[in-house]
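Working notes, structure below.
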Amino acid sequence: MRVLLAGGAGYVGTHTAVALLNAGHEAVLLDDLSGTHAVAAERVAQITGTSVPLVVGDAADDAVVSGVFDDHGPFDAIIHLAAFKAVGESTQKPLDYYSNNLDTTYALMRVGLARGIRSFVFSSTGTVYSDPADLPFTEESTTSIDLSNPYSKSKRMNEVVLEDIARVNPDLNVTILRYFNPVGAHPSGLIGEDPAGIPNNLMPFVSRVAVGSLEQIGIFGDDYDTPDGTGLRDYIHVVDLAEGHVVALEQAQPGFAVFNLGTGTPVSVHELVTSFEKAVGRELPKVVLGRRPGDVAATYCDPAKAERELGWKAQLGIDDACRDYWNWQSTNPNGYAGA
Ligand code: UFG
């Protein structure tokens with residue numbers, strides 16, 4: 001298959017590109033480099049020994065997307081990972097988040113349909129589930145548009161739009177992948193997560209403390225109703241997540257489908273920090289702070305549908321993710337900027 005990867009130079013995009021190429025598919029990356037660096041695409045080529053075209057441009061611009069089809073098409077499928085994803089920032093810049101995260105879908109779908117793609121895979125989030133009574137979340141669990149931040153709302157809005165588009169294009173496959181918490185890095189240490197500024201998410205923050213660029217880990221609350229009082233999340237290794245995109249494409253049937261991509265195993269903040277300390281080989285400075293506004297005590301999925309229908313199951317655990325993240329961070333202490 002020949003695949004257009006929108007947002008292909010980002011964290012999930014680079015790992016998905018590697019997984020596609022290793023499975024014998026072809027990939028072309030479209031990325032505006034607003035959240036990553038061109039060197040990320042070179043690293044994909046280095047890992048796979050295959051050339052990977054990178055087009056630098058805005059996936060929300062029909063002319064740009066058309067140009068990619070003209071120069072690099074035809075494509076069998078589009079994987080859409082081109083989004084703004086900082087939850088906190090989204091509350092400050094709602095217009096930017098709604099417009100970027102929806103306009104990319106509109107442009108990619110408009111051009112993709114006109115050019116005859118057969119599959120469209122969309123990167124969504126487990127935060128669309130809204131009723132904690134449903135834990136572990138299945139694809140049938142209650143979703144809402146009334147979520148705590150514009151980022152999550154924009155993802156749910158996309159799902160609604162895409163379901164309507166699928167309905168009137170019966171030959172098209174539209175697959176929604178609801179990610180839980182992506183962590184880890186490729187075991188080569190050549191690609192990984194490279195957030196700008198001070199990271200909001202737990203593993204990149206812990207990793208920056210380990211590398212010495214941040215002082216101490218802040219644990220956001222240890223008084224939740226969970227076994228050790230800290231928040232529970234379903235951390236999925238980005239290599240497993242990437243594999244999920246490949247099988248979703250390979251097994252795609254016409255119609256609309258939704259899959260959770262997670263491990264099904266909740267891990268607490270304390271457990272993640274302990275696992276990271278094991279990877280680093282020393283204890284890390286940490287302090288317990290108050291709860292972060294908007295956080296829930298627990299979120300994790302039931303990944304059985306993906307196993308049943310796609311034959312996909314997460315293979316890697318939190319220790320693998322911490323080891324691989326630390327391998328990436330310690331060999332690239334300044335991320336791609338240091339390359
Ligand atoms: N946490 C800390 N300290 C930190 C950062 C996080 O204790 O410095 C805790 C949080 O309170 C939470 C857990 O670590 O209990 C995970 O927090 P993250 O910020 O890493 O992840 P979230 O579950 O809040 O959200 C993430 C992404 C979203 C995405 C969601 C589900 O930020 O983009 O996972 O995919 F939508």
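Counting starts at 1 for both ligands and their atoms, in listed order.
In this model, no donor atom of one side chain and acceptor atom of the other lie less than 3.5 Å apart for T142 and D131. For the residue pair D103 / T105, no side-chain donor-acceptor distance below 3.5 Å is found, with atom types taken as modelled.
Neither the backbone nor the side chain of I217 has any atom closer than 4.0 Å to an atom of ligand 1 (non-hydrogen atoms only). Counting heavy atoms closer than 4.0 Å to ligand 1, residue V269 contributes side-chain atoms (C-beta onward) but none from N, CA, C or O. With a 4.0 Å heavy-atom cut-off, ligand 1 is reached by the side chain of D295 but not by its N, CA, C or O. Looking at Y151 against ligand 1, only its side chain comes within 4.0 Å, counting heavy atoms.
Residue-ligand proximity, F180 to ligand 1, at heavy-atom distances under 4.0 Å covers atoms 31 (C), 35 (O). If you number the atoms of ligand 1 from 1 as listed, the ones under 4.0 Å from a heavy atom of N200 come out as 5 (C), 19 (O). For ligand 1 and V87, the ligand atoms under 4.0 Å from any heavy atom of the residue are 28 (C), 32 (O), 33 (O). Near G231, meaning under 4.0 Å from one of its heavy atoms, ligand 1 places the atoms 15 (O). Ligand-side atoms of ligand 1 in range of T127: 30 (C), 31 (C), 36 (F), range being under 4.0 angstrom from any heavy atom. Close approach of ligand 1 to Y179 (heavy-atom distance below 4.0 Å) involves ligand atoms 35 (O). Using a 4.0 Å cut-off to heavy atoms of I219, the atoms of ligand 1 that qualify are 7 (O). The ligand atoms of ligand 1 that sit less than 4.0 angstrom from a heavy atom of T125 are 29 (C), 31 (C), 35 (O), 36 (F).
Of the protein's heavy atoms, R292 NH2, 2.8 Å lies nearest to atom 19 (O) of ligand 1. At the top of the distance list for atom 20 (O) of ligand 1, counting protein heavy atoms only, stands L202 N, 2.8 Å. Closest protein heavy atom to atom 22 (P) of ligand 1: N181 ND2, 3.6 Å. Among all protein heavy atoms, the one lying closest to atom 1 (N) of ligand 1 is F220 CD1, 3.6 Å. Looking only at heavy atoms of the protein, atom 23 (O) of ligand 1 is closest to R233 NE, 2.6 Å. Ranking the protein heavy atoms by distance from atom 18 (P) of ligand 1 puts N201 ND2, 3.4 Å first.
Geometrically, R233 does not engage F180 in a cation-pi contact defined by less than 6.0 Å to the ring centre and at most 45° from the axis.
R2 has no carboxylate O lying under 4.0 Å from a charged side-chain N of D76, or vice versa, which leaves the two without a salt bridge.
Remark: distances from the non-hydrogen atoms of Y235 to ligand 1 include one below 4.0 Å. Residue G218 places a heavy atom less than 4.0 Å from ligand 1. Using 4.0 Å as the threshold, Y224 has no heavy atom nearer than that to any atom of ligand 1.
Taking OG1 of T138 as the reference point, atom CZ of F259 lies at 13.0 Å (rounded to 0.5 Å).
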Practice problem: Evaluate the ring-ring contact (aromatic ring centres under 6.0 Å, His included) criterion for residues F122 and H245: first the C-alpha distance (whole Å), next the side-chain angles of each, then the deciding distance (0.1 Å), finally the verdict. | Solution: CA-CA 9 Å; F122 180 71; H245 293 71; over 10 Å; no

Quiz item: Given the rule in the salt bridge (Lys or Arg N to Asp or Glu O under 4.0 Å) test, do D319 and K278 qualify, once you have shown the distances and angles that lead to the verdict?
Solution: CA-CA 8 Å; D319 287 344; K278 208 163 34 168; 3.2 Å; yes

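Considering only heavy atoms from C-beta on, F205 comes within 4.5 Å of I198 through its side chain.
Remark: the backbone N or O of T263 is paired with a side-chain donor or acceptor of D234 at under 3.5 angstrom. Checking side-chain atoms of N327 against main-chain N and O of P187 turns up a donor-acceptor pair under 3.5 Å. Judged by distance alone, with hydrogens and angles left aside, the side-chain atoms of K305 form no donor-acceptor pair with the main-chain N or O of P303 at under 3.5 Å.
Taking the six-membered ring where tryptophan is involved, the planes of F137 and Y129 are essentially parallel, since the angle between them stays under 30° and well short of 60°. The aromatic rings of H80 and F120 sit perpendicular, their planes meeting at an angle over 60°, well past the 30° parallel limit.
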